[in-house]
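FYI, side chains are in, hydrogens and waters are out, and symmetry mates aren't considered; it's all heavy atoms of this structure. Residue numbers count from 1 along this sequence.
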Amino acid sequence: MKKIFFNPLLFLAFCPLMVSCLGTSIKNDTSKELLKVTLSLSFPESEYGGTRALYGVDDSKVSYVDFFIFSSSSGKLLDGGYIRLTDGSQSGVLQFSTDVSRSVVCCAVVNRSTSDLSSISSLSELEDTSSYLNRQKPNCLEMYGKTGVMTLGRDEFITIKVDRIAAKVSLDGIKVNLEQNNLASKSFTVNAVYMINVVPSLKLDGSGRPSPSTWLNNRTNTCNSSTSYGSLIWNSINVTHTSANGSYLGSPLWFYVYPNSVTSDNPGGTATSSRYTRLVVDTSLGYYSVSLPQLQANTWYQIKNITIKGKGSTNPDVLVERGACSVSVEVKDWSGTHIVNETY
């Protein structure tokens, strides 16, 4: 049997070479570094906290935020590139290891009341996720936004502009000015005000409207005080005047609906027909409807006083004859900046 002799001098001679090789290996692994990314929300113009609804309910409130960082090339979520905030904060910090020059897209979803986004793995999956109107509340409206492509440095501060998915519709007042004496001298009741032909869901990116046959309040009202989304699209009034002429609203009403981009209207048509979203005043003398063509997200449709002058329609989805009702609509951004006026 051969004997093996250990030569300590020879071992020491090789040590510098071993250390040198090990050092080179460690240096090569530093192509990935620990990054710190601070993400925060930005709202259009200065409206955050500036508009109120339902007298004390803040329709700009932030309760939950989901932040994402995706690779701009693959669209995949970066390892460590997700955080959910549930304390009302508007900014969060992510720390993770990745290429210093990684090109990314950052996204934010605001007021998603469920934690179902925690399993999202790609940008396309996120934007294909549905937002449902019946899960919204006036003080917890979902919002979505994303950045353009950007390159991450070691310590980044990134702001993401978000927009509400819903549109806001308000009604300032209802006035009755019946010109026929036999009608004006009789009692008149405003039963309710509600929205019909309401889109029930959209993708987070604003696409994907379902068939009109599935819309909420399709052609008529089916809401009441126990309906989960009733506070968004329905208000009971039940005000009666013994003499018809006069005012019937003491304060404005507010509604929240999803955008409806259909370009053709079919009043009174079948359940599957495309039609505009409408606000309806339901009275003892019939229905008075206001069509809102091509409703857009994050937009406020302020309906001024509806003035009732004659008999209403027998169908809430069919407009009254010209002259029986007059109304003006002012279209604004959410903060109240004027965009355009419409008169009917």
Verdict with reasoning, Asp205 to Ser207, per side-chain hydrogen bond (donor to acceptor under 3.5 Å, both in side chains): CA-CA 6 Å; Asp205 67 357; Ser207 65; 2.7 Å; yes
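- Side-chain atoms of Thr189 and Asn191 include no donor-acceptor pair closer than 3.5 Å.
- Between Tyr301 and Ala167, the shortest heavy-atom contact is CE1-CB, 4.1 Å.
- The nearest pair of heavy atoms linking Leu178 to Gly310 is CD2-N, 3.7 Å.
- The shortest side-chain heavy-atom distance between Ile237 and Leu249 falls under the 4.5 Å cut-off.
- Put simply, the side chain of Lys309 does not reach to within 4.5 Å of the side chain of Cys325, judged on heavy atoms.
- Ring-plane geometry between Tyr248 and Phe188 is classed as perpendicular, the angle between the planes exceeding 60 degrees on a 0 to 90 degree scale with a lower cut at 30.
- A salt bridge links Glu330 to Lys304: at least one charged side-chain nitrogen sits closer than 4.0 Å to a carboxylate oxygen.
- For the pair Val257 and Val169, the minimum side-chain heavy-atom distance is below 4.5 Å.
- Tyr132 and Ser201 get closest at one heavy-atom pair: CD2-CB, 3.6 Å.
- No hydrogens or angles considered: a donor-acceptor pair under 3.5 Å links the side chains of Ser121 and Glu125.
- Residues Thr240 and Ser187 share a closest heavy-atom pair of CG2-CB, 4.3 Å.
- Side chain to side chain, Ser131 and Glu142 meet the donor-acceptor criterion of an N or O pair below 3.5 Å.
- Of all heavy-atom pairs spanning Ser60 and Trp334, the tightest one is OG-NE1, 4.0 Å.
- A heavy-atom distance below 4.5 Å is not found between the side chains of Leu85 and Tyr64.
- Using modelled atom types, one finds a donor on one side chain and an acceptor on the other under 3.5 Å when comparing Asp116 with Thr114.
- When the options Asn221, Asn235, Asp282 are evaluated for a side-chain hydrogen bond (donor to acceptor under 3.5 Å, both in side chains) with Tyr194, the one that passes is Asp282.
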Thr222 and Asn217: CA distance, side-chain angles, deciding distance, side-chain hydrogen bond (donor to acceptor under 3.5 Å, both in side chains) verdict: CA-CA 6 Å; Thr222 58; Asn217 272 5; 3.1 Å; yes
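- For Cys106 against Ile69, the heavy-atom pair with the smallest separation is SG-CG1, 4.1 Å.
- For the pair Arg275/Ser264, no side-chain contact is recorded, criterion being any heavy-atom separation below 4.5 Å from C-beta on.
- Checking side-chain atoms of Arg209 against main-chain N and O of Pro200 turns up no donor-acceptor pair under 3.5 Å.
- The number of heavy atoms from other shown groups lying within 6.0 Å of CG (Asn182) is above 12.
- Side-chain atoms of Asn197 and Thr277 form no donor-acceptor pair, as typed in the model, at a separation below 3.5 Å.
- Residues Ile165 and Tyr258 form a side-chain contact, since some pair of their non-hydrogen atoms from C-beta on lies under 4.5 Å apart.
- The residue from Lys203, Arg164, Glu127, Arg112 that alone fulfils the side-chain hydrogen bond (donor to acceptor under 3.5 Å, both in side chains) condition with Tyr144 is Glu127.
- Side-chain contact, Ser170 with Trp300: a donor N or O sits under 3.5 Å from an acceptor N or O.
- Side-chain contact check for Asp172 and Gln302: at least one donor-acceptor pair (N or O, by modelled atom type) lies under 3.5 Å.
- Counting only heavy atoms from C-beta outward, the side chains of Thr220 and Val280 never approach each other to under 4.5 Å.
- A donor atom on one side chain and an acceptor atom on the other are not found under 3.5 Å apart for Ser115 and Ser118.
- For the pair Leu41 and Thr159, the minimum side-chain heavy-atom distance is 4.5 Å or more.
- Checking Asn238 against Ser236 by side-chain atom types alone, a donor-acceptor pair falls below 3.5 Å.
- Side-chain contact check for Ser289 and Arg278: no donor-acceptor pair (N or O, by modelled atom type) lies under 3.5 Å.
- The pair Lys168-Asp333 fails the salt-bridge criterion, with no side-chain N (NZ, NE, NH1 or NH2) lying under 4.0 Å from an Asp/Glu carboxylate O.
- At a cut-off of 3.5 Å, with distance as the only test, no side-chain donor of Asn139 or Asp59 sits close to an acceptor on the other residue.
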